[in-house]
There are 2 protein chains.
Amino acid sequence: MAKIPNLTRLELPIMDALWAGGALSIREIPQSFPSEKRPAYTTVQTMVYRLEGKKVVHRLKKISNAHIFEALVSRQAAQRRLIDDFLARFGGKAQPVMAQLIETGRLSLKDIEDAESTLRRLAKQGKQP
Amino acid sequence: MAKIPNLTRLELPIMDALWAGGALSIREIPQSFPSEKRPAYTTVQTMVYRLEGKKVVHRLKKISNAHIFEALVSRQAAQRRLIDDFLARFGGKAQPVMAQLIETGRLSLKDIEDAESTLRRLAKQGKQP
DNA sequence: CGCACTCTCCTACATAAGTCATAGACTCTA
DNA sequence: TAGAGTCTATGACTTATGTAGGAGAGTGCG
């Protein structure tokens with residue numbers, strides 16, 4: 001099974017473009033960046049090549065002289081990896097992170113209520129392996 | 001006002017030691033690492049010096065020939081910075097992170113309930129600046 | 001066909017982070 | 001005071017990431 005690496009600051013928005021766009025040429029990827037933060041064409045190219053080396057994307061086909069790249073890992077899986085890694089810094093516990101989110105007002109009551117109902121639903125389905 | 005940098009993988013446990021211990025010599029810091037993952041003395045030293053350069057710690061005093069270092073930023077503030085940065089990768093929204101935490105079973109119902117009561121309490125106190 | 005354009009491929013460089021060894025200054029005890 | 005032991009200070013190396021230029025191959029229009 002593929003080991004998903006932790007996507008970096010720049011890799012993530014590149015993958016976002018691929019997740020959203022399905023399969024894109026290098027040229028199309030930087031277009032999803034806000035123009036002030038848009039990296040150079042070859043910068044994106046380098047990152048895509050490196051993502052390819054990490055087996056996170058691959059060349060799906062070639063149109064004219066341009067390669068078309070496609071994501072090989074799901075957004076879900078990549079996000080999970082990211083979150084796992086992040087949580088590890090807090091001893092693997094979600095609680096301190098939650099506490100921070102609440103104290104700094106980034107979680108609304110509705111967010112929590114939604115979370116609660118989702119959790120109850122999952123529990124009812126016996127989703128605990 | 002001090003700009004708190006994003007503490008890295010190794011910097012964070014070093015700061016943890018200082019937060020927990022109050023003020024420590026270099027020698028004492030690696031002791032809080034599990035022995036399998038304990039970095040060399042000078043590795044810790046380098047990191048502490050760099051943290052000093054970033055104004056995150058400072059030399060409180062000198063005991064005999066050893067410097068005693070102390071944290072200059074609170075755990076709270078450092079964690080907030082870390083979380084802000086992390087959330088930025090998800091468009092600044094906590095919701096997708098919550099969803100992941102729930103789906104991967106890292107948030108218990110109790111965690112959520114605690115969060116909810118905390119949030120209600122804060123709301124009642126009108127804690128919105 | 002030939003030229004303009006696009007894309008690939010390779011190379012390069014800077015900074016940050018993690019890793020540690022070594023030399024020499026300092027301290028304390030016998 | 002002299003030796004043993006401890007710390008500091010400094011330098012060095014590696015890997016990862018972000019950044020991009022330039023040469024040359026490939027494509028398609030006029």
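Each chain gets a letter, A, B and so on, in the order its sequence line appears, and its residues count up from 1.
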Proximal nucleotide (of [options]) relative to the [X] side chain:
X: B/Arg27; options: D/dA20, D/dT10, D/dC7; answer: D/dC7
X: A/Tyr41; options: D/dC7, C/dT19, C/dT8; answer: C/dT8
X: A/Arg59; options: C/dC9, C/dG18, D/dT19; answer: C/dC9
X: A/Thr42; options: D/dG18, D/dA9, D/dG21; answer: D/dG21

Which comes earlier along DNA chain D counting from the 5' end, the contact point of A/Pro39 or that of B/His67, where each point is its nearest nucleotide?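 With A/Pro39 and B/His67 compared, the 5'-side residue is B/His67.
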Item to complete: For the residue pair A/Ser25 and A/Glu28, confirm or rule out a side-chain donor-acceptor distance under 3.5 Å.
Response: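 A/Glu28 and A/Ser25 do have a side-chain donor-acceptor pair below 3.5 Å.
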**Prompt:** Quick one: do the A/Gln45 and A/Tyr41 side chains pair a donor with an acceptor below 3.5 Å?
**Reply:**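 No, because no side-chain N or O of A/Gln45 sits under 3.5 Å from a partner of the opposite role on A/Tyr41.
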Nearest-angstrom distance from the residue atom [atom1] of [X] to [atom2] of [N]:
X: A/Tyr49; N: C/dT11; atom1: OH; atom2: C1'; answer: 13 Å
X: A/Met15; N: D/dG18; atom1: CE; atom2: P; answer: 14 Å
X: B/Arg50; N: D/dA12; atom1: CZ; atom2: C1'; answer: 11 Å
X: B/Arg89; N: D/dT17; atom1: CZ; atom2: P; answer: 10 Å
X: B/Leu10; N: C/dG18; atom1: CG; atom2: C1'; answer: 7 Å
X: A/Asn6; N: D/dG18; atom1: CG; atom2: P; answer: 11 Å
X: B/Arg38; N: C/dT19; atom1: CZ; atom2: P; answer: 14 Å
X: A/Ile29; N: C/dC7; atom1: CD1; atom2: C1'; answer: 13 Å

Does [N] have its OP1 or OP2 closer than 4.0 Å to a side-chain nitrogen or oxygen of [X]?
X: A/Arg9; N: D/dT17; result: no
X: A/Lys54; N: D/dT17; result: yes
X: B/Thr43; N: C/dC20; result: yes

Nearest heavy-atom pair of B/Ala77 and B/Ser74: which atoms, and what distance?
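The answer is N-OG, 3.0 Å.
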How about B/Gln95 and A/Leu107: do any of their side-chain heavy atoms sit closer than 4.5 Å?
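The answer is no; the side chains never approach within 4.5 Å.
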Decide yes or no for A/Ile14 and A/Phe69: does some side-chain heavy atom of the first lie under 4.5 Å from some side-chain heavy atom of the second?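 They are not in contact (no side-chain heavy atoms under 4.5 Å apart), so the answer is no.
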| Residues B/Arg59 and B/Glu70 bridged, charged N to O under 4.0 Å |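 Result for this pair is no, no salt bridge flagged.
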Please say yes or no: joined through hydrophobic side-chain contacts below 4.5 Å, possibly via intermediate residues, are B/Leu72 and B/Leu12 part of one cluster?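 Different clusters: B/Leu72 never reaches B/Leu12 through Ile, Leu, Val, Met, Phe, Trp or Tyr contacts under 4.5 Å.
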Below 3.5 Å, does any donor atom in the side chain of [X] face an acceptor in the base of [N], or the other way round?
X: B/Gln45; N: D/dA9; value: yes
X: B/Ser25; N: D/dC7; value: no
X: A/Thr8; N: D/dA16; value: no

At a cut-off of 3.5 Å, list every protein nitrogen or oxygen paired with a nitrogen or oxygen from nucleotides 26-30 of chain D, distance to 0.1 Å.
unit_1	atom_1	unit_2	atom_2	d
D/dT27	O3'	A/Ser64	OG	3.2

Problem set entry | Side-chain cluster (under 4.5 Å, hydrophobic types only) that B/Leu60 belongs to, other residues |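 None; B/Leu60 is a cluster of one.
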